[in-house]
2 protein chains.
Amino acid sequence: MPARRVRADARRNVEKLLDAADAAFRELGTGAPLEPVARRAGVAIGTLYGHFPNRRALARALLRDRHDALFARGDRLAEEPPGPALAAWIRAMAEHAALYGGLAEMLAAGLDNEASELHDDCARMTALTERLLAHARAARAVRPDVTPADVLALTTAAAWTRAQSAEQADRLLDHALRGMLTP
Amino acid sequence: MPARRVRADARRNVEKLLDAADAAFRELGTGAPLEPVARRAGVAIGTLYGHFPNRRALARALLRDRHDALFARGDRLAEEPPGPALAAWIRAMAEHAALYGGLAEMLAAGLDNEASELHDDCARMTALTERLLAHARAARAVRPDVTPADVLALTTAAAWTRAQSAEQADRLLDHALRGMLTP
DNA sequence: ACCTGAACACCGTTCAAGT
DNA sequence: ACCTGAACACCGTTCAAGT
């Protein structure tokens, strides 16, 4: 496809909006008021909506690079010893989903909701989880009754716990992984 | 102290407000709009605020009986075999904290925040958790590194998971408890 | 092609006036 | 002693007008 022509001022505005949104989401979570975001970026509120029709579209743009890195990590882990690889993957996802308050919920919802701008990314996370879990199961590194849904539920639960205390989230993962992996 | 005289219409209004709020919280979570609650109860919005200065006060009133039942359950469990009793207590708390969407967060916040109308109830839950965990530890039914905070974190995480899927929450508890209890 | 910002909608919360 | 509901504040979202 031909390179999309984008007016230089529009490109700059998008950059400034993303910077401001990242700061706001880090501080107040994914539900942060958007009018201050636009003001902080030096544009009118309509400009924000012009580039990002809704919160999820904004979140998707903010997470794009991070998600690429996460998927690359998952691909690399697929070549490593299956038990520790699965544990490392779960910890990586839980840490990622705690980047912004409310992100764990947003990602959990994106799994089911095909209309979500985050759905494709969530589907890739699920696919990687299934792949790493299959490896672990084949190596008898995980109990046979553990399902991909179990792993995803643990991940989002740990991400949510992390919003309150990173240490508690790690300890929750320790206990739950001990119950999921073979002794 | 002398019995507080309460005007009969005020008492009726409180009853109707609690019924309407319970329905709204069940449907929309603890963040449900309050104006429709007042309208549904047949009173003006100011009457709601007159009886309940904030959302937590309303939640506290709604949960009073349920909390009493939960504490009684905890007391009874303290007389039973310590390992299963601790597991049953965690499941009971997780189920309770999933009664309304957002309740798990509210209770977790009430633990730390002394100003919360829910703080006393949260403190009793903590005390019962500590007591049941101490019993389980004395009976060597639980791994020695499990802390009361670990148990509370698991409980709130499971309650939050329950908002999305009760079955997944139960499975999360299965796995995590397997990792916490002694084999 | 993009930006502006007024306009509309919605809800939380307070409080002066009424009964 | 309690209730009413207008009033104020705040934020999400849209869109006609402008550049």
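Throughout, protein chains are lettered first and strands after them, A, B, ... in sequence-line order, and every chain is numbered starting at 1.
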Of the options D/dC2, C/dC3, C/dT4, whose atoms approach the side-chain atoms of A/His51 most closely?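 Nearest to the side-chain atoms of A/His51, counting from C-beta on, is C/dC3.
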Between D/dG5, C/dC3, C/dT4, which one does the side chain of A/Asp9 approach most closely?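 Selected nucleotide: C/dC3.
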Give me, pair by pair, the N or O atoms of the protein and of nucleotides 13-19 of chain D that are less than 3.5 Å apart, along with how far apart they are.
residue: D/dT13; atom: OP2; partner: A/Tyr49; partner atom: OH; Å: 2.6
residue: D/dT13; atom: O5'; partner: A/Tyr49; partner atom: OH; Å: 3.4

Residue from A/Thr182, A/Val142, A/Leu132 passing side chain to side chain contact (heavy atoms under 4.5 Å, CB included) with A/Arg137: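 Answer to the side chain to side chain contact (heavy atoms under 4.5 Å, CB included) test with A/Arg137 among A/Thr182, A/Val142, A/Leu132: A/Val142.
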Whether [Y] and [X] form a salt bridge (side-chain N of Lys/Arg under 4.0 Å from carboxylate O of Asp/Glu) is what I want to check.
| X | Y | result |
| --- | --- | --- |
| B/Arg76 | B/Glu80 | no |
| B/Asp170 | B/Arg162 | yes |
| B/Glu117 | B/Arg60 | no |

Classify the ring geometry of B/Phe25 against B/Tyr100: parallel below 30°, tilted from 30° to 60°, perpendicular beyond 60°.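 B/Phe25 and B/Tyr100: perpendicular rings.
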DNA chain D in dot-bracket form (Watson-Crick or G-U pairs under 3.5 Å, [ ] crossing, | inter-strand) is ||.|||||...|||||.||
Run B/Arg143 and A/Asp174 through salt bridge (Lys or Arg N to Asp or Glu O under 4.0 Å) and show every step you take. CA-CA 12 Å; B/Arg143 295 176 60 94; A/Asp174 286 340; over 6 Å; no
CZ of A/Phe52 versus P of D/dG12: gap in Å, rounded?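 A/Phe52 atom CZ is separated from D/dG12 atom P by 16 Å.
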Where along residues 10-33 of chain A does a heavy atom come under 4.0 Å from DNA chain D, residue by residue in number order?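 Going residue by residue through residues 10-33 of chain A, the ones with a heavy atom under 4.0 Å of DNA chain D turn out to be A/Ala32, A/Pro33.
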So, the side chain of B/Thr129 versus the backbone of B/Met125: is there a donor-acceptor pair under 3.5 Å, distance only?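 Indeed, once roles are kept as given, a pair shorter than 3.5 Å links the two residues.
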Looking only at non-hydrogen atoms, find the nearest pair between B/Arg55 and B/Gly31 and report the distance.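 The pair with the smallest heavy-atom distance is NH1-C, 3.4 Å.
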Rounded to the nearest 0.5 Å, what's the gap from CG on B/Asp75 to CG on B/Leu128? Could you check?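 Spacing of CG (B/Asp75) from CG (B/Leu128) equals 5.5 Å.
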About how many Å separate CG of B/Leu107 and NE2 of B/His96, when rounded to the nearest 0.5 Å?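 Separation between the atoms: 5.5 Å.
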